[in-house]
Amino acid sequence: MGPPGVNRLNELLEDNTLSIDYRQAQFLLSAAEIEQLPPDTGREVAFAGRSNAGKSSALNCITGQRQLARVSKTPGRTQQINVFPLPENVGVSDRRLIDLPGYGYAKAPASLRAHWQKVLPQYLESRQSLQGLVLIMDVRHPLGPLDQQMLEWCAAADLGVHVLLSKADKLRRGPAGNVLQHVRPAVSKICNKASIQLFSAANGDGIDAARQQLDVWLE
C-alpha cells in the first residue's frame with residue numbers, strides 16, 4: 001500500500017462515476033494557426049499557464065492519463081495548440097480539451113513568442129466553441145504579469161476562467177489557504193467571470209472540483 005496521498009490520487013484516476021470520461025481523451029492534432037484547428041463547433045475548454053506552472057501535469061491528472069500531455073523538466077515543450085477530443089457521452093459529441101502553448105519561456109525564439117502573443121488573444125476572442133479557460137498558476141508564484149495578461153484577454157473576450165493554484169502540496173495547508181484568499185480578489189478584479197481553487201497533481205487534491213467545472217462547461 002502506498003502513501004495516503006498517492007492512494008487517494010489512484011482512486012480519483014480510477015473513478016467510474018464521472019459524468020464525462022476524461023480518461024478517454026485522445027490526441028488529435030497540433031496547430032500553429034487557428035485555421036488549423038478542428039471546425040468551430042461543439043464545446044471545448046482550453047488549458048493555459050506559464051511554462052513551469054504544471055499545466056501538463058494538471059491536464060494529465062484531470063484526464064487520468066500520465067502522458068497525454070508531455071511533461072518535461074525543460075519548460076516550454078508545448079509550443080503549439082494541442083487538441084484532445086473527448087468521447088461521445090449520453091448523446092453529446094464534439095467536445096475537446098485544448099492545451100495552449102506555455103507562455104513565459106525565456107529561451108523560446110522571439111519570433112515564436114511574438115506569434116503566440118498575437119494568436120492567443122485571437123483564439124480566446126474568436127473561437128465560438130470555447131466555453132472556458134483553465135488557467136494554471138504555481139501557488140508559490142501566482143498572478144505574474146503574463147497571468148494577469150491572460151486574465152485580461154479572457155475578460156475582454158467575456159470568457160469564464162477557472163484558476164488552478166497548482167503544486168499546492170509544496171506548501172502546508174495553512175499557507176496554501178492564505179495564498180488562495182489573497183489571490184482570489186485580485187483575480188476577480190481583473191476578470192469577474194473567474195473562479196479559483198487549490199490543486200495538486202501530485203496527490204489529487206482539487207481534482208474533483210476541477211472536473212466539476214469542466215463538466216459545467218462541456219455538458
Side-chain angles (χ1 to χ4, degrees), residues 2 5-32 34-49 51 53-72 77-102 120 123-124 127-136 159-169 195 197-219:
V6 173
N7 292 337
R8 173 58 177 155
L9 177 56
N10 289 335
E11 291 174 2
L12 290 165
L13 296 183
E14 296 170 2
D15 186 0
N16 292 319
T17 64
L18 302 177
S19 59
I20 299 176
D21 193 352
Y22 296 102
R23 296 165 302 180
Q24 299 300 315
Q26 296 182 350
F27 173 77
L28 176 65
L29 58 83
S30 294
I34 296 176
E35 294 76 14
Q36 298 170 341
L37 292 171
D40 193 1
T41 60
R43 290 172 172 260
E44 63 191 34
V45 172
F47 286 68
S51 297
K55 176 169 60 70
S56 295
S57 295
L59 184 54
N60 288 342
C61 181
I62 289 170
T63 60
Q65 302 187 50
R66 301 191 186 280
Q67 300 195 16
L68 181 68
R70 298 176 66 181
V71 178
S72 172
R77 291 296 294 271
T78 306
Q79 296 188 2
Q80 291 188 311
I81 300 175
N82 294 320
V83 181
F84 304 101
L86 291 164
E88 183 172 343
N89 181 276
V90 195
V92 180
S93 61
D94 203 10
R95 296 179 297 191
R96 300 168 293 274
L97 301 179
I98 304 293
D99 187 13
L100 297 176
L120 286 180
Y123 167 76
L124 296 174
R127 190 74 174 170
Q128 297 299 308
S129 55
L130 181 61
Q131 304 299 307
L133 178 83
V134 179
L135 180 58
I136 293 90
L159 183 68
V161 182
H162 189 63
V163 176
L164 302 184
L165 292 177
S166 67
K167 306 184 183 181
D169 57 288
S195 52
Q197 67 164 100
L198 295 171
F199 185 86
S200 169
N203 59 28
D205 283 351
I207 187 174
D208 284 332
R211 283 173 169 172
Q212 287 169 9
Q213 181 59 64
L214 291 181
D215 287 351
V216 170
W217 282 331
L218 293 171
E219 284 289 3

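Quick note: residue numbers are just sequence positions, from 1.
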- Within a strict 4.5 Å, meaning less than it, do heavy atoms of the Asn60 and Arg66 side chains meet? no
- Identify, with sequence neighbours excluded, every residue that meets side-chain contact (heavy atoms from CB on, under 4.5 Å) alongside Gln131. Arg43, Trp217
- Query: Got a sec, which residues hit side chain to side chain donor-acceptor pair (under 3.5 Å) with Gln213, two or more places apart in sequence or on another chain?
  - Reply: none
- Return the set of residues passing side-chain contact (heavy atoms from CB on, under 4.5 Å) with Gln24 (not counting sequence neighbours), or none when no residue passes. Asp21, Pro87
- Task: Please report the shortest heavy-atom distance between Tyr22 and Ile62, naming the atom on each side.
- Result: CB-O, 3.8 Å
- Message: Is the shortest side-chain heavy-atom distance between Asp99 and Lys55 below 4.5 Å?
- Response: yes
- Message: Is any side-chain heavy atom of Leu37 closer than 4.5 Å to one of Arg127?
- Response: yes
- Are Gln26 and Gln65 close enough that some pair of their side-chain heavy atoms sits under 4.5 Å apart? no
- For Leu28, enumerate each residue passing the side-chain contact (heavy atoms from CB on, under 4.5 Å) test, keeping only those at least two apart in sequence or located in another chain. Pro38, Val83, Pro85
- Only counting residues at least two apart or in another chain, list the ones meeting side-chain contact (heavy atoms from CB on, under 4.5 Å) with Ala48. Leu100, Tyr103, Leu133, Leu135, Met150
- Note on the structure: One should read off an interatomic distance between Asp215 CG and Ile20 CD1, to the nearest 0.5 angstrom, of 4.5 Å
- Note on the structure: Interatomic distance, CG@Asn82 vs CZ@Arg96, rounded to 0.5 Å, equals 14.0 Å
- Query: Under 4.5 Å between any side-chain heavy atoms of Val134 and Leu59, yes or no?
  - Reply: no
